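Okay, structure first, notes after.
Quick note: numbers below take in every heavy atom, side chains included, and nothing from hydrogens, waters or symmetry partners. Note that ligands are numbered from 1 as they come in the structure, with each ligand's atoms numbered from 1 the same way. Not measured: the values here are computed from a predicted model.
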Amino acid sequence: MPVTTNVALGVGGGIAAYKAAELARALMERGFSVQVLMTRSAEEFVRPLTFAALTGRKVLTHLFGAVSPEDTLDSAIEHIRVAQENQILVIAPATADLLAKLAHGMADDFLTTTYLAFTGPVVLAPAMNTNMWNHAATQENLRILRARGHVIVEPDEGILACGIVGPGRLAEPEVIAQAVSEVALSGANRASAKRDLEGETVLITAGPTQEPLDPVRYLSNRSSGKMGYALAEAASERGARVILVSGPVTLAAPALSSGIELIPVRTAVEMRQAVMDHLEQATLVIKAAAVADYHRANPPQQKVKKTAARLSLELDPTPDILAEVGRKKGDRLLVGFAAETENLIEEARRKMQSKNCDMVVANLVSQPGIGFDSDENEVTLVLRTGETIPVERASKSAIAHRIFDEMIKLRLALHSAQ
Ligand code: CTP
């Protein structure tokens, strides 16, 4: 019998506050227990009684409610109890004012003090006028909240109450409820996750490299870094210490709570240095980065001008980081990646031999919907033992976990063969 997840639903003061009643109902239909908290301005739009009738529970509104003197202490610390008893905090509608308060830790009412005392996952569903949404201050606050690991359910576009057409309308209650379900599911997965990488230090490279041609131009590739970041998340969930050396990507940095150590680099030479600096500590090394094979060794200090009829570039090879780690790996387990457009398995085997890897994750990047910028991948794991394991199309997170499953088996196989 699954344990009920308690959700604290914070309602902000906006026209969309009435939709929070539908959200409360949608959450309860999905089996969540819902405790509603309202800001003072939310009460201007919807009466607490609506939520109390829906949820069958008292709605929490003020820090120091109208209570008898002997109950004042209970009232004063109730936000701490709410923060402890609920597993997920959802705020809908999250107004521009609320986003600003949350981003900057201002706590002057029940909802904002509960937020500060709350340590679990937070889902925010903003709603406001389009110009307020687009304002640099709101966007900056959202960036802070995203970096904190909160889930933002983006507002829909449409005709707003003020007559403007654009983004700002609260997402549909079903969409917000679905996001809460996903957060609950990933929390459950995390709690039940295998902790089979405890004691390991995993060094992972991710993303592309950028090789400057002059001060304003560079050579790079289409790698998004998603596979490397998914590997880092998976290793951290399974209890490993993780060092993530990342080329320039647009992904959010891993949440601080994950403990993943992020080392941002730009060029292949910088990536090599970061890898070598941390190799000693690592017990598992995974090179998921798409490192440029060539660079301009000494790019000019000044911008190249459009003077010649034809421009030829002379490029030199970059250091092959994987091959160098292969030479120095000792008994570390080493995993390389091979992104190919043809002869997948042969190429993966060749790279495994020449770079002394224990496993090569091979993927055909010419297929639509997988590889590079997509959220899914379909790979073949080519092992030192000669085995090849096809892994069906799945999310990069699922593929990452599968890679660790096979690495652990491989380590046991290699140990018992010694
Ligand atoms: N790699 C690396 N350093 C480089 C080039 C590649 O560490 N300078 C690593 C990648 O991180 C990946 C693996 O080597 O794990 C294979 O990369 P790939 O570009 O497919 O292989 P190459 O050796 O460059 O071979 P080719 O270009 O001939 O396919």
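- Glu174 and Gln178 are not linked by any side-chain donor-acceptor pair at a separation below 3.5 angstrom, with hydrogens and angles left out of the test.
- Below 3.5 Å of separation, one finds no N or O of Ala338 facing any N or O of ligand 1.
- Residue Leu322 has at least one N or O atom closer than 3.5 Å to an N or O atom of ligand 1.
- Within the structure, ligand 1 lacks Ala268 among the residues with a heavy atom less than 4.0 angstrom away.
- Summarising the local packing, OH of Tyr218 is surrounded by 12 or fewer heavy atoms from other residues, nucleotides or ligands at distances under 6.0 Å.
- An N or O contact shorter than 3.5 Å links Asp293 to ligand 1 by distance.
- Residue contact check: Thr318 has heavy atoms under 4.0 Å from atoms 8 (N) of ligand 1.
- The Lys287 neighbourhood of ligand 1 comprises atoms 7 (O), 11 (O), 12 (C), 15 (O), with distances under 4.0 Å to a heavy atom of that residue.
- Close contacts of ligand 1 with Gly336, meaning ligand atoms under 4.0 Å from a residue heavy atom, involve 15 (O).
- Ranking protein heavy atoms by distance to atom 10 (C) of ligand 1, first place goes to Ala289 O, 3.4 Å.
- Between Glu200 and the options Arg241, Arg238, Arg411, a side chain to side chain donor-acceptor pair (under 3.5 Å) holds for only Arg411.
- Distances between N or O atoms of Ala290 and those of ligand 1 include no value under 3.5 Å.
- Using modelled atom types and a 3.5 Å distance limit, the side chains of Ser246 and Tyr229 yield a donor-acceptor pair.
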> Could you walk me through whether Ile263 and Leu244 pass the side chain to side chain contact (heavy atoms under 4.5 Å, CB included) check?
Replying inline: CA-CA 6 Å; Ile263 302 171; Leu244 176 61; over 6 Å; no
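- Among all protein heavy atoms, the one lying closest to atom 16 (C) of ligand 1 is Phe337 O, 2.8 Å.
- Ligand 1 has at least one atom lying under 4.0 Å from a heavy atom of Arg350.
- Looking only at distances, no side-chain donor or acceptor of Arg349 sits under 3.5 Å from a matching main-chain atom of Leu344.
- Of the possible donor and acceptor atoms, none in the side chain of Glu140 sits under 3.5 Å from a partner among the backbone N and O of Ala136.
- Here the shortest heavy-atom distance to atom 21 (O) of ligand 1, taken over Lys351, Glu347, Met352, belongs to Lys351.
- With Asp214 contributing its side chain and Val304 its backbone, the two residues share a donor-acceptor pair below 3.5 Å.
- Any N or O atom pair closer than 3.5 Å counts here, and Pro319 shares at least one such pair with ligand 1.
- Protein heavy atom nearest atom 3 (N) of ligand 1, with residue, atom name and distance: Ile321 N, 3.1 Å.
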Could you give the side-chain donor-acceptor pairs of residues 7-28 under 3.5 Å, partners two or more places apart or in another chain?
unit_1: Lys19; atom_1: NZ; unit_2: Leu170; atom_2: O; d: 3.2

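- At least one N or O atom of Lys355 sits closer than 3.5 Å to an N or O atom of ligand 1.
- Of all the heavy atoms of Asp320, the ones lying under 4.0 Å from any atom of ligand 1 are found in both the backbone and the side chain.
- Annotation: Tyr115 is in aromatic contact with His150 [ring centroid separation under 6.0 Å].
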